[in-house]
K.L.:
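Can you read through this structure? Questions will come right after.
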Amino acid sequence: METNVIIFGHKNPDTDSICSSIVRQRLANKMGVNTVKAVRLGNINKETEYVLNYLGIEAPEYIEKVEEGQPVMLVDHNEFSQSVDGIENAKILEVIDHHRIANFQTAEPLYYIARPYGCTSTILFEIFKQENVEIDRETAILMISAIVSDTLLFKSPTCTPQDIYVANELAKIANIDINKYGLELLKAGTDLSDFTPSELINIDCKEFVEGNFKFQVAQVNTACIEDVLKDKENIENAINTVISNNNLNLFVFLITDIINSNSSCIVLGNNTNVFEKAFNTNLENNTAFLEGVVSRKKQVAPVLLKNI
Ligand code: MG
Ligand code: MG
Ligand code: MG
């Protein structure tokens, strides 16, 4: 194993990106490899903060960019547009991911583990089993948190039977009531009160590139869509700034009601026609309601990409 390998998830990290990087580091440590370190590419969100406080563990160190030749392992993403600055010239040793593979290439062979599950931690659980490494309680809770977050407590269409099976196995190890813990965790993530509009649209924002077409899809979880839309005008101003600073064709801001499993969205940019065509809808005041839509990965990004 190389020295000083860093492990990270995507920019604007979510609970899976943070917890799975920590878990990947612990797996290496338990296998006797101590030259790897989990790091993060952005601020810890409120939901992830809940997990770290619950366990009393520190957030991984923040890094902004990597030097040429830096050995890295990626979890929870592969697209370079969502990764660390300098990734093009880093040495990618491994990817463990559950997303589409796009805008990704390496100069050298690598370990690449992809599964179409709801969460990276579900894949990590399988690797612990394969390698016959014991999962301790704290690690189990990190993985449960990632699964609950990514699958919205098993309600997202991205959730697979394997995610449910693994979460229940982990709950036995952790001796935790997964529904009770999971609801508290998700609730912590819906506290949006401290964020300015520009922070709000950046909590969980991903960029997608298809040829010359560049768009971002941001998402927040809430128990009340109307509360978020109260600040619509300021949010729109923040979105328009991001569009012009990054030359985006389109920006979609999903406000997801995690109680009723629907989303409202604010859609801006020169190519909102792509959104209207994709969802067969007409925007009203730059907004649309998407019945039953909660997953960017499964219900939004691919539909947009198909209609570019
Ligand atoms: Mg993620
Ligand atoms: Mg994930
Ligand atoms: Mg997510």
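What's counted below: heavy atoms across the whole structure, side chains too, no hydrogens, waters or symmetry copies. Numbering of ligands and ligand atoms starts at 1, following listing order.
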K.L.:
Please tabulate, for side-chain N and O atoms in residues 285-294, each donor-acceptor pair with protein atoms closer than 3.5 Å (sequence neighbours left out).
P.N.:
{"unit_1": "N286", "atom_1": "ND2", "unit_2": "E236", "atom_2": "OE2", "d": "3.2"}
{"unit_1": "T287", "atom_1": "OG1", "unit_2": "E284", "atom_2": "O", "d": "2.8"}

K.L.:
Could E49 and K46 be called an ion pair, given the rule that one side-chain N must be under 4.0 Å from one carboxylate O?
P.N.:
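Answer for the salt bridge query: no.
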K.L.:
Parallel, tilted or perpendicular: which fits the ring planes of F215 and F208, with parallel below 30° and perpendicular above 60°?
P.N.:
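If you compare the ring of F215 with that of F208, the planes turn out parallel.
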K.L.:
Could you pull out the atom name of the N/O/S atom in D150 that is nearest the Mg ion (ligand 2)?
P.N.:
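Looking only at N, O and S atoms of D150, the one nearest the Mg ion (ligand 2) is named OD2.
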K.L.:
Salt bridge check, E131 against K30: does any charged N sit closer than 4.0 Å to a carboxylate O?
P.N.:
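Looking at K30 and E131, the cut-off is not met.
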K.L.:
Would you name the N/O/S atom of D14 that lies closest to the Mg ion (ligand 1)?
P.N.:
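Going by distance to the Mg ion (ligand 1), the closest N, O or S atom in D14 is OD2.
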K.L.:
State the atom name: nearest N, O or S atom of D76 to the Mg ion (ligand 2).
P.N.:
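Per the distance ranking, D76 contributes OD1 as its closest N/O/S atom to the Mg ion (ligand 2).
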K.L.:
Could you tell me whether the Mg ion (ligand 2) has an N, O or S atom of H77 under 2.8 Å away?
P.N.:
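For H77, the answer is no, given that no N, O or S atom comes within less than 2.8 Å of the Mg ion (ligand 2).
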K.L.:
With the Mg ion (ligand 2) as the reference point, give the N/O/S atom of D16 that is nearest.
P.N.:
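Going through the N, O and S atoms of D16 one by one, OD2 ends up nearest to the Mg ion (ligand 2).
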K.L.:
Salt-bridged, R115 to E126, with N to O below 4.0 Å?
P.N.:
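Counted as a salt bridge, because a side-chain N and a carboxylate O are separated by less than 4.0 Å.
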K.L.:
For N/O/S atoms only: which one belongs to H10 and is nearest the Mg ion (ligand 1)?
P.N.:
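Closest N, O or S atom of H10 to the Mg ion (ligand 1): NE2.
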